[in-house]
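After the structure tokens below, expect a handful of questions from me.
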Amino acid sequence: MKAAAAAFTLATSVLAAVAVSAPAAHAAAALTVTNPVLVFDQGASTITVSSDQTSVSYTVGDESGTQVASGTTAVVSGAGSINLTSLGPGYYTLSVTAGSGTAATTVPTTFAVLSAFAPGTSTTDQRFGMDIHFGHQPNDATLFPLISHLGFSEVRTDQNWALVENPAGTYNWSNYVTDAEVPLASQSGLRTLLISGYSNPNYDGGYTPYTQAGWNAFGAYTNGIASHFGQYTKDIEVYNEFDGGFDTAAACAQTVTTKVNCYLNMLKSVYQAVKISGGHTDTNLIGPVSAGIDKPWISGLLSAGALQYINTFSIHAYADGNPENAFGEIPWLKQQIRDNNSGKDMPLWLTESGQTVMPGGATEADQADYAVRLPVLAFAAGIDKYFWYDLLNDGTGSTNKEYNFGLLKQPTTGVVAQAPKPALATQATILRQIGGLPFTGSDGLTAPAYSYRFGSGSNTTHVMWATTPSTVQVTASGPVTVTDEFGRQSTYTPVSGAVTLSLDQHPLFVRNAAGAAATLKMHVLAQPPVTLSVPQTSNTAESIPATITAHSRIPLTGAVYGKRFTLVPDASGAARATIDVPTNSQLGKRTVVVKAGVAGVTSMRLAAETTVVAATTVTTVPHVSSANPLHNQLKITITNHRTQTPLPISSVDWKVLTGTTVQGSGTFTGIADIPPGQSTTITADVPTLPTWDKQWFFDRVTEGSGAQSTDAGWTGWNPVEPAGAGHAPPINLGTQVDRTYTNGGYGGANDLSGTLRPSFTATGLEFVADVTDNVFDQPNTDPSLMWNADSIQFAITPALPGLNPQRVEIGAALLPSGPAVYTWTPPTGQSAGPTPGATASITRSGSVTHYQVDVPWSALGTAGPPTVPFGLSALVNDNDGKGRNFAAWGDGIAATKNSSLLRPVQLVND
């Protein structure tokens with residue numbers, strides 16, 4: 001909605017034809033939420049504000065959007081406070097308003113309230129660490145105590161070689177932020193894991209060290225880290241993701257073997273400098289800091305003896321939307337370590353793990369779930385220490401993958417603190433439920449249900465969830481406490497020796513109530529005696545019907561959202577009740593929870609999930625009805641998601657803009673009411689615009705009630721014609737691409753220009769490109785590494801960008817061995833590797849590289865030529881021996897791999 005509003009402001013300002021004198025606007029009320037941290041212990045949640053008004057109003061909602069508090073508070077001498085100390089543990093949204101009418105200012109933010117640590121747990125868990133970029137935010141002195149208070153024991157950050165050793169041989173530690181902040185973190189009880197990295201302009205041309213002189217200098221620098229910071233930490237990682245793109249030396253990046261040799265020599269030099277020459281025998285050297293479990297690289301390192309130069313083995317592994325699959329190769333890795341370490345294990349640390357949040361990918365709610373499931377699964381797989389990446393979002397762009405891993409958001413206008421995301425609250429909950437308790441095993445559930453134990457005897461926490469809804473029966477001799485992922489605790493009393501719990505993707509923490517020592521046992525119920533159901537989809541205008549069905553002859557009582565119910569079985573033994581749960585304006589997945597039992601004893605926790613959508617939605621599809629001549633259209637679909645009432649439409653307005661120039665606009669009226677659960681589509685003719693260029697669209701639907709719904713975003717009319725047709729021009733690699741030239745800069749058309757044309761046949765997609773490049777550089781013999789030198793890459797998704805998470809990524813290059821086509825991200829059911837069925841003719845003539853690449857539809861994840869618009873992006877890699885640069889048409893390949901960032905295209909037959 002914010003993007004749409006911005007687009008409408010832009011469009012209407014451009015279209016304004018008559019200047020009308022308006023009354024002078026009142027100055028907006030001043031308002032700031034002034035808390036330095038928006039994370040509170042239970043009973044301490046007081047929001048402080050500053051304002052030039054005499055009072056402010058506020059509303060508070062929980063993570064589901066349900067309002068839990070509201071009111072007005074006085075502002076005296078510019079300062080006020082909102083007392084929310086009665087709130088229990090949880091994640092909350094807050095909206096504060098100062099002033100009224102056109103002068104009103106509203107500041108939204110979020111905050112978290114933390115539960116107490118469970119009995120018998122530790123307030124600091126040595127297994128948990130946090131990645132944080134020291135100095136990337138101005139308030140590390142505030143954030144370090146927060147990290148410690150959450151329960152983490154260690155933080156991890158870079159130790160930049162280039163900034164410290166300058167000139168050569170002289171270490172100026174005060175030139176880098178860690179000199180002041182490692183001691184600062186220590187004051188909050190946090191150790192710091194320092195990453196020794198990455199390059200230095202005094203050695204090997206400023207690239208990752210690749211000569212003995214460079215490796216020796218890097219080793220000496222790492223020894224300097226051990227000496228300078230030894231009183232605060234012994235933990236040093238040797239580089240970071242050498243196999244994952246952080247190695248900038250072309251001499252190392254050519255093959256797996258060259259990568260192994262370069263990193264191994266780096267390790268040897270570090271070990272010699274730190275352990276032997278430096279005498280720092282107690283330093284914990286950590287490597288290889290692998291990007292995932294890169295089997296060829298790891299195998300090469302282990303067989304070459306790398307383990308003798310490190311004390312701790314570290315890897316990185318992310319959820320990537322499926323935490324249950326994140327650690328499947330850990331058993332292989334542990335066995336490889338034993339095989340190369342005289343049969344012994346070695347400490348195994350996961351120094352980066354987490355989940356980014358992006359449109360078309362994981363949501364903040366998913367990230368919150370994974371913040372619990374990832375560490376539990378890691379410990380179950382044999383990981384000894386787990387670091388979450390990272391504390392704070394690195395930026396504000398919602399579509400940039402690297403910006404959105406954080407537990408905290410970047411500061412926003414009117415809010416001093418970095419506001420928490422739901423994952424911060426769930427991370428705090430797991431630390432409060434298993435802090436210091438050793439992992440003691442699985443409870444024997446099988447996928448899709450999971451349950452793992454931490455601790456023993458009366459001091460045991462069971463962490464439970466299911467990837468698809470399941471019901472478990474917990475056998476218990478006394479009351480059981482169940483804590484949800486946000487820290488809210490409930491007590492359930494066994495009936496006939498058992499408690500029944502619904503499991504879903506949101507983890508639960510289950511413990512015996514105080515004093516009970518009997519072991520809890522659980523199993524999945526194939527046919528639960530009581531079930532809860534809600535519609536798969538609900539909407540923001542109508543209540544959510546929650547139906548409780550009992551399949552036994554025992555009367556049942558319970559409550560949902562404060563509404564009581566009683567089920568009395570009929571002659572068949574069945575009973576059913578439907579309770580209307582109030583809706584709200586928050587979109588996305590919402591879990592409805594029912595507590596039920598027999599004879600007033602609460603013994604069941606039932607849960608079901610619905611996806612809340614806007615009551616009215618607007619979707620927009622660019623459509624090319626003809627390529628010869630070019631005829632563009634905009635198809636605007638309005639959907640009435642209500643189940644009971646029709647939707648009257650007053651008008652539909654649309655605009656298409658290039659920059660601030662309106663290319664076309666129009667208004668439709670006289671549209672028939674849309675029945676419940678149905679849609680209507682309006683087609684607008686759009687003026688002819690350059691193919692392959694990016695345009696902005698904005699649609700606004702006004703309902704009969706005056707309510708408005710909008711849709712806005714980047715689009716384009718990009719016809720993909722049959723091979724050989726050529727009515728539309730190709731993509732111009734000089735004027736229609738975004739260039740990223742960080743290695744040597746862009747040298748003009750001779751450096752990189754040309755054309756690229758996608759086309760299609762009945763059997764597949766074809767790319768024909770003529771790339772002008774004055775220096776051809778492609779030394780890789782391993783096709784999986786072609787991306788870091790001269791090559792082309794493209795990605796497709798089978799629907800409009802953002803509608804389908806599937807993204808297939810393929811590349812083509814002229815390797816020393818000849819043309820190659822390689823798939824990095826395959827369709828479901830296929831594997832990464834040489835692209836099956838693909839053919840390529842790639843030749844070099846003068847300064848032009850000619851590509852013709854044909855890829856079967858099956859290798860792109862479609863059954864045949866797509867009949868609807870789909871997503872496509874392409875880029876040309878350019879490495880003149882100075883490092884990778886690239887020119888991209890569209891996005892979603894290089895910096896952020898996400899289907900929502902691709903460009904819309906359409907197969908057109910004429």
Side-chain angles (χ1 to χ4, degrees), residues 1-7 319-322 355-367 395-404 537 586-589 611-614 616-624 633-639 641 654 656-657 679 681 692-701 709-718 720 738 758 794-809 825 827-828 860-862 866-875 888-907:
M1 293 296 289
K2 290 181 180 178
D320 292 332
N322 192 342
Q355 175 66 57
T356 192
V357 173
M358 285 184 62
T363 64
E364 287 191 354
D366 293 329
Q367 187 190 47
T396 57
S398 64
T399 60
N400 188 309
K401 175 182 177 180
E402 296 302 322
Y403 283 1
N404 296 287
T537 302
Q586 182 164 305
L587 305 179
K589 295 178 180 179
T611 298
V612 182
V613 300
T616 303
T617 58
V618 185
T619 56
T620 309
V621 176
H623 179 71
V624 181
Q633 295 177 323
L634 205 60
K635 291 186 175 293
I636 305 165
T637 299
I638 309 161
T639 302
H641 293 281
W654 66 271
V656 174
L657 302 95
S679 301
T681 298
W692 314 114
D693 279 357
K694 189 165 64 170
Q695 316 292 341
W696 183 265
F697 76 89
F698 174 73
D699 304 328
R700 178 180 58 196
V701 174
S709 301
T710 61
D711 189 26
W714 294 110
T715 192
W717 287 266
N718 305 311
V720 177
D738 295 315
F794 57 92
I796 80 162
T797 182
L800 275 177
L803 298 184
N804 190 318
Q806 176 175 300
R807 191 192 66 93
V808 176
E809 183 179 334
T825 308
T828 302
L860 296 169
T862 67
T867 58
V868 297
F870 60 99
L872 173 71
S873 285
L875 66 78
W889 181 82
D891 205 343
I893 296 178
T896 300
K897 298 183 182 298
N898 187 283
S899 67
S900 66
L901 302 181
L902 276 55
R903 296 273 190 90
V905 299
Q906 178 188 338
L907 302 188

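As a basis for the values below, the full set of heavy atoms in this structure was taken, side chains included, without hydrogen atoms, waters or symmetry mates.
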How many angstroms lie between atom CG of D711 and atom CZ of F697, to the nearest 0.5 angstrom?
->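 Between atom CG of D711 and atom CZ of F697 there are 4.0 Å.
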Shortest non-hydrogen contact between Q806 and T828, atoms and distance = OE1-OG1, 4.2 Å
Sub-4.5 Å side-chain heavy-atom contact between P758 and V905 | no
Test item: T616 side-chain N/O and S709 main-chain N/O as donor-acceptor pair under 3.5 Å | no
So V621 and L800, side chain to side chain contact (heavy atoms under 4.5 Å, CB included) or not? Walk me through it.
-> CA-CA 8 Å; V621 176; L800 275 177; 3.5 Å; yes
Give the C-alpha distance, both sets of side-chain angles, the deciding distance and a yes or no for side chain to side chain contact (heavy atoms under 4.5 Å, CB included) between W889 and N718.
-> CA-CA 12 Å; W889 181 82; N718 305 311; 3.8 Å; yes
Can you list the residues that meet the salt bridge (charged side-chain N to carboxylate O under 4.0 Å, His left out) rule with R903, with sequence neighbours excluded?
->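 R903 satisfies salt bridge (charged side-chain N to carboxylate O under 4.0 Å, His left out) with no residue once adjacent residues are dropped.
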Could you check V656 against L634 for side chain to side chain contact (heavy atoms under 4.5 Å, CB included), going step by step and ending with a plain yes or no?
-> CA-CA 9 Å; V656 174; L634 205 60; 4.2 Å; yes
Should T896 and L901 count as side-chain neighbours, where that means a heavy-atom distance under 4.5 Å?
-> yes
Can you find a pair of side-chain heavy atoms, one from F698 and one from W654, that are under 4.5 Å apart?
-> no
Which distance, rounded to the nearest 0.5 Å, do you find between the NE2 of H641 and the OG of S679?
->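 Result: 6.5 Å between the selected atoms.
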Do you know the tightest heavy-atom contact between P622 and G716?
->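 Nearest pair, atom of P622 first, then G716: CB-O, 3.4 Å.
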Pair up each side-chain donor or acceptor in residues 396-404 with any protein partner under 3.5 Å, not counting sequence neighbours, and list the distances.
| residue | atom | partner | partner atom | Å |
| --- | --- | --- | --- | --- |
| N400 | OD1 | E402 | N | 2.9 |
| N404 | ND2 | G397 | O | 3.0 |
| N404 | ND2 | N400 | O | 2.8 |

Between the side chains of T681 and T637, is a donor N or O closer than 3.5 angstrom to an acceptor N or O?
-> yes
Exercise: identify the closest heavy-atom pair between P866 and T862 | CG-CG2, 4.4 Å
Start with the C-alpha gap between L902 and F794, add the side-chain angles, then the distance that decides, and say whether side chain to side chain contact (heavy atoms under 4.5 Å, CB included) holds.
-> CA-CA 10 Å; L902 276 55; F794 57 92; over 6 Å; no
Between atom CG of D891 and atom OG of S900, what is the distance when rounded to the nearest 0.5 Å?
->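 Going from CG on D891 over to OG on S900, the span is 9.0 Å.
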Nearest-0.5 Å distance that lies between atom OG1 in T363 and atom CD in Q367 | 9.0 Å
Under 3.5 Å donor-acceptor, Q906 side chain and V720 backbone = no
What closest approach, in Å, do A319 and Q355 show between heavy atoms, and which atom pair accounts for it?
-> CB-OE1, 3.2 Å
Answer yes or no: is there a donor N or O on one side and an acceptor on the other, between the side chain of N804 and the main chain of A799, under 3.5 Å?
->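 It does not hold such a pair.
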Heavy-atom closest contact (S899 atom, P805 atom, distance) |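 Minimum heavy-atom contact is OG-CA, 3.6 Å.
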Check whether any side-chain heavy atom of P801 sits under 4.5 Å from a side-chain heavy atom of N898, and report yes or no.
-> no
So OG1 of T797 and CZ of R807: to nearest 0.5 Å the spacing works out to 9.5 Å
CG-NZ distance between D738 and K694, expressed to the nearest 0.5 angstrom =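 Interatomic distance, D738 CG to K694 NZ, rounded to 0.5 Å: 6.0 Å.
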